[in-house]
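Written below as structure tokens is the structure these notes are about.
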Amino acid sequence: VGNPSCAELRYRSSACEGVLLVAKSKACQISSNFFSFFPLLKALIVSSYLALYDEEPAAVQAEEEADLQRTVPEMADLKDIVQSYAASDCGFWVGECEGEVQGCVAVKRSSPEDCSLVRMAVRKDTRGKGVGTQLLAKAVDFARQYYLRMNCATGNIRAAKFYQTHGFLEHTHIHTPKGMQVSVMIRYFQERFFKRVVILGGTHGNERLGVELVRKWTSAEGKQLVQRPSFESVVVLANPEAVALNRRYVDCDLNRCFLQTDNAELQSKFVVQGYEKQRAAELLAQLGPKAARWQDCQADFMVDLHSTTANMGLSLITQTQCDPFARRVAHDLLERNSAIKVTGSSDSKGDTYCVDTIAPSGLAIEVGPLAHGTLKTELFQATETMVYQILDYIERHNQALAAKLGKEAAACARTELVPVERAPLVTTFPQLPFYEYVFRLPYPAAEHHGTKRICAMVHPAVDGHDWEPLTLGAPLFVSFSGEPLPWVQPDGAPTGTPLYPIFVNEQAYYEKDQAMTLCCLISVGVV
């Protein structure tokens, strides 16, 4: 095209088996030539990453480049861009000028509502000439046709500021194993209405608190307690057969039956069989399908009620970071009750095994300590209050969106979207303390006639002390002979960051060989 500031775009089109080259006056199809871009694009992305070290000494830059060349993934998506981005809601673009690649960018699906901006890179000698702006604009224009939000992550301060000037909001930071701070950012395109909220209890049949609340809200006197003017609340007893038996499950854990993945390693961790397999299919038919877009799902938000024998107090669990609305809800509840803790996974794939992930958005409420099959007044009432507060927050959200449209919230349809104006350059937001899952710690075990058996218990100084940081060298377990076993940080655990145990000595997790889940405490912006 002749001017790097108005680079032409070459990109994949779902309408053809190759790549569509958009020119000034005509379009021509390319297929095989595009695969030769791989070395160029890989080098481009590597050089973009190394720009993080521009201010470092030459020796540091050389060491980092050598390390990156050794550890950088094969980038299989670049070897077969057409196949990797073949879905109609994904795309890959390359900016060209006078036949030379100047930059690239891609959009990949993260969840039914979210996409990720990936492979964003611009040649070093072309930066500052508008190529990145045009690539980003192309990706954003494409993504807003399919998604409500776009996420991206960068360890480059200049890149973070670039994204902020284009409407992205920085909501949290993560640290890589090498200590680099990475900014996680989000840009809203549209907001949606929530028209059907599902409340589940009895997912585990012996967690009686949720069961009794479901019975209360499905009674003639209690139905109206969970209804709100702008949406319908549906209350479901998730595992009725297990409830009748007062058992956690009949054949397998129902709350492990909703994973949708081709990953054999993940699938092998869960046995889905018998009654719970049938019940999961029924719930998916009634409330799903899982991973459906908001227009096609039968549930917009889910609340799953649980209790635990661990000393968890009042806690909320989010299953994926691709759910900013759940974080808003959690922050609202935390503002009303500072004793609430929020935990969960930062997995961005949006695919977990829990029942509340059938809907695009949701939370699990977990309270304890409470023995299975029993009730406690304060925990029952606290759970009930949290559910009402969640419903009230969703109602306020719907009313606020309807006001922007000049309509009554009850008259707004699920498919109606409210555009979000590009955010001003804001760098501070309300912060949500978030206990992020790191790993699940098993019990110490020893060989016994060819099989492994646990050989220690949780130490009294840790048992019952959920949410309190572990101290290196302090007793964590105690052997059956009475010998204290100290906490030693295992390989792969983040160093220099306190770890907080939760679900400590949970009775139901003995069969899973899980003594506790360890978390690190991070701060997440509520945007």
Using the test salt bridge (charged side-chain N to carboxylate O under 4.0 Å, His left out), find all partners of [X] that sit at least two apart in sequence or belong to another chain.
X      : value
Asp392 : Arg228
Arg279 : Glu282
Glu276 : none

Will you find, in the side chains of [X] and [Y], an N or O donor that is under 3.5 Å from an N or O acceptor?
X      : Y      : result
Glu366 : Thr308 : no
Tyr147 : Asp89  : yes
Ser233 : Gln227 : no
Tyr435 : Asp466 : no
Tyr393 : Gln389 : no

**Study point:** Lys/Arg cation over aromatic Phe194: Arg192, 6.0 Å, 45° cone
**Key:** yes

Check your understanding: Can you name the closest pair of heavy atoms from Cys354 and Phe258 and give their distance?
Key -> O-CB, 3.8 Å

Point to revise | Interatomic spacing from OG1 in Thr343 to CD1 in Ile502 - rounded to 0.5 Å | key: 3.5 Å

Point to revise | Atom pair NZ/CG of Lys341 and Leu314 - distance to nearest 0.5 Å | key: 9.0 Å

Pairing residues for [X] by the side-chain contact (heavy atoms from CB on, under 4.5 Å) criterion, not counting sequence neighbours:
X      : value
Ala326 : Thr318, Asp323, Ser361, Leu363
Val214 : Thr218, Val235, Leu237
Ala106 : Tyr85, Phe92, Val118, Arg119

Check your understanding: Hey, is NZ on Lys407 packed in by over 12 heavy atoms from elsewhere, all under 6.0 Å?
Key -> yes

**Study point:** Lys512, NZ: over 12 other non-hydrogen atoms inside 6.0 angstrom
**Key:** yes

Practice item. Run the numbers on Tyr437 and Ile317 for side-chain contact (heavy atoms from CB on, under 4.5 Å), then give the verdict. Key: CA-CA 10 Å; Tyr437 293 167; Ile317 302 175; 3.5 Å; yes

**Study point:** Aromatic plane relationship, Phe325 with His397 - under 30° parallel, 30 to 60° tilted, over 60° perpendicular
**Key:** perpendicular

